Structure formats: structure tokens, C-alpha cells
Amino acid sequence: QVQLVESGGGLVQPGGSLRLSCAASGSIFSIKAMGWYRQAPGKERELVARITSGGSTDYTDSVKGRFTISRDNAKKTVYLQMNSLKPEDTDVYYCNIQAVLMGRSSLYQYWGQGTQVTVSS
């Protein structure tokens with residue numbers, strides 16, 4: 001029905017950069033909010049950054065000034081540019097979308113499969 005495919009994770013040294021991408025496909029009429037979350041083992045999933053359909057953004061305090069979220073509506077894709085990465089940014093990152101499907105009026109939430117980001121020297 002709806003698929004989210006993430007890419008861009010990996011291993012990077014402290015101070016380095018990574019760019020995550022998440023492409024949505026399926027019977028999507030429109031996408032409202034898009035976001036990135038992260039989760040460490042044994043911890044709750046937390047919001048990293050979010051962008052609305054109008055382009056408004058919201059970041060968790062620990063990434064402000066280092067991470068930038070953006071979206072390409074034509075490609076149904078959300079990006080997370082991560083700069084000045086720190087070891088504490090090591091987590092599995094999940095993309096999330098809130099979408100209206102073709103022929104339906106309700107808002108549905110979907111998650112990507114997760115991509116590992118490891119920051120280590």
C-alpha cells in the first residue's frame with residue numbers, strides 16, 4: 001500500500017556528515033508531515049526533526065544547528081542532512097510520514113525500516 005525506503009546511513013567519524021533519504025511510494029494522495037526519529041536499544045523512539053507540508057520545521061534541541069530536514073514533494077522524499085556528528089548521535093534512524101491515501105479522507109502514519117547511523121573514531 002505505502003512503502004518507505006530509507007538510505008544513507010553508515011559509519012562516520014566524529015565531526016563528519018551523513019545525508020539520510022526516505023522515499024515514499026504507493027497509493028498516496030498527499031503527504032502532510034514528514035519526519036525523522038531515532039531509537040537506541042532499550043530506549044523510546046524520539047523525534048529528531050519534522051517538516052510540515054508548508055515547510056515549517058521543528059528540531060530536538062540536541063541537533064539544532066547541526067541537522068537540517070528538507071523535503072521534495074514531487075519525489076515524495078524527505079532528507080536529513082546531518083553535520084558535525086557526535087558519538088551520541090549513534091542510533092537507528094526511522095523516517096515517518098503522515099499521509100492521506102487515494103480515495104480516503106483519513107490521515108495515516110507510516111514508518112520506514114530504519115537505518116543505522118554510527119559515529120565513532
Side-chain angles (χ1 to χ4, degrees):
Q1 198 176 28
V2 173
Q3 288 187 327
L4 300 181
V5 178
E6 301 178 15
S7 60
L11 173 64
V12 64
Q13 292 187 344
S17 298
L18 284 174
R19 189 191 193 210
L20 305 183
S21 299
C22 174
S25 63
S27 303
I28 297 171
F29 174 73
S30 66
I31 299 177
K32 305 303 181 184
M34 306 180 85
W36 290 94
Y37 291 70
R38 62 188 180 187
Q39 186 172 24
K43 294 188 177 181
E44 290 190 359
R45 193 170 294 185
E46 66 167 0
L47 175 69
V48 177
R50 177 173 48 204
I51 184 167
T52 68
S53 56
S56 297
T57 58
D58 186 30
Y59 298 90
T60 191
D61 286 345
S62 63
V63 308
K64 285 180 180 177
R66 300 188 298 123
F67 291 10
T68 302
I69 190 170
S70 61
R71 61 190 283 172
D72 184 327
N73 292 325
K75 295 182 179 180
K76 297 185 178 66
T77 299
V78 61
Y79 306 96
L80 186 67
Q81 178 66 45
M82 304 185 293
N83 299 328
S84 302
L85 281 160
K86 304 175 181 180
E88 50 264 41
D89 294 317
T90 296
D91 267 325
V92 178
Y93 285 69
Y94 298 87
C95 71
N96 172 274
I97 69 167
Q98 296 175 1
V100 178
L101 304 185
M102 298 285 191
R104 302 188 183 185
S105 58
S106 299
L107 198 62
Y108 294 87
Q109 181 169 242
Y110 297 93
W111 291 93
Q113 80 280 6
T115 185
Q116 177 69 47
V117 171
T118 302
V119 185
S120 175
S121 55

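Fair warning: this is a prediction, and the values are worked out from it, not measured in the lab.
Rounding to the nearest 0.5 angstrom, the gap separating the OG atom in S62 from the CZ atom in R38 is 4.5 Å. Put simply, CG on N73 and OG on S53 are 7.5 Å apart, with the number rounded to the nearest 0.5 Å. Taking CD1 of I69 as the start and CD of Q81 as the end, the distance is 12.0 Å to the nearest 0.5 Å. Put simply, CD on Q116 and CG on L11 are 9.5 Å apart, with the number rounded to the nearest 0.5 Å.
A continuous path of Ile, Leu, Val, Met, Phe, Trp and Tyr side chains, each step under 4.5 Å between heavy atoms, connects I51 with Y110, placing both in one hydrophobic cluster. Placement of V2 and W111 in two distinct hydrophobic clusters is found when ILVMFWY residues are connected by side-chain heavy-atom separations under 4.5 Å, directly or transitively. One hydrophobic cluster, built from ILVMFWY side chains closer than 4.5 Å, holds both M102 and V100. Cluster annotation: L20 is connected to V119 through the hydrophobic network of ILVMFWY side chains, with a link wherever side-chain heavy atoms come within less than 4.5 Å. Under the 4.5 Å side-chain heavy-atom criterion for grouping Ile, Leu, Val, Met, Phe, Trp and Tyr, V63 is connected to L80 within one hydrophobic cluster.
Minimum heavy-atom separation, M34 to V78: CE-CB, 3.6 Å. Residues Q98 and Q109 share a closest heavy-atom pair of NE2-OE1, 4.0 Å. Pairing each heavy atom of D91 with each of A40, the nearest pair is OD1-CB, 2.8 Å. The heavy-atom pair separating L4 from G112 by the smallest distance is CD1-N, 3.5 Å. The minimum heavy-atom distance between G9 and V117, with the atom names listed, is CA-CG2, 4.3 Å. Here the shortest heavy-atom pairing between R50 and A33 reads CG-CB, 4.4 Å.
The closest side-chain heavy-atom distance from L47 to T60 is not below 4.5 Å. Contact of the I31 side chain with the R71 side chain is registered, since non-hydrogen atoms from C-beta on lie closer than 4.5 Å. A 4.5 Å side-chain heavy-atom check between F29 and L101 finds every atom pair outside the cut-off. Counting heavy atoms from C-beta on, the side chains of S7 and T115 never come closer than 4.5 Å. Residues F67 and L85 have side chains in contact (heavy-atom distance under 4.5 Å, counting atoms from C-beta outward). By the 4.5 Å heavy-atom criterion applied to side chains, W36 and M82 are not counted as neighbours. Side-chain contact between Y59 and T68 is present, with at least one heavy-atom pair separated by less than 4.5 Å.
Note on residues 12-30: pairs passing side chain to side chain donor-acceptor pair (under 3.5 Å), not counting sequence neighbours, are S17-N83.
With sequence neighbours left out, the salt bridge (Lys or Arg N to Asp or Glu O under 4.0 Å) criterion links R66 to D89.
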V48 and Y93: CA distance, side-chain angles, deciding distance, side chain to side chain contact (heavy atoms under 4.5 Å, CB included) verdict: CA-CA 9 Å; V48 177; Y93 285 69; 4.1 Å; yes
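More than 12 heavy atoms of other residues, nucleotides or ligands sit less than 6.0 Å from atom CD of E88. When the shell of 6.0 Å around CD of Q3 is examined, it contains 12 or fewer heavy atoms from other residues, nucleotides or ligands. Around the NZ atom of K43, the shell of radius 6.0 Å holds no more than 12 heavy atoms that belong to other residues, nucleotides or ligands.
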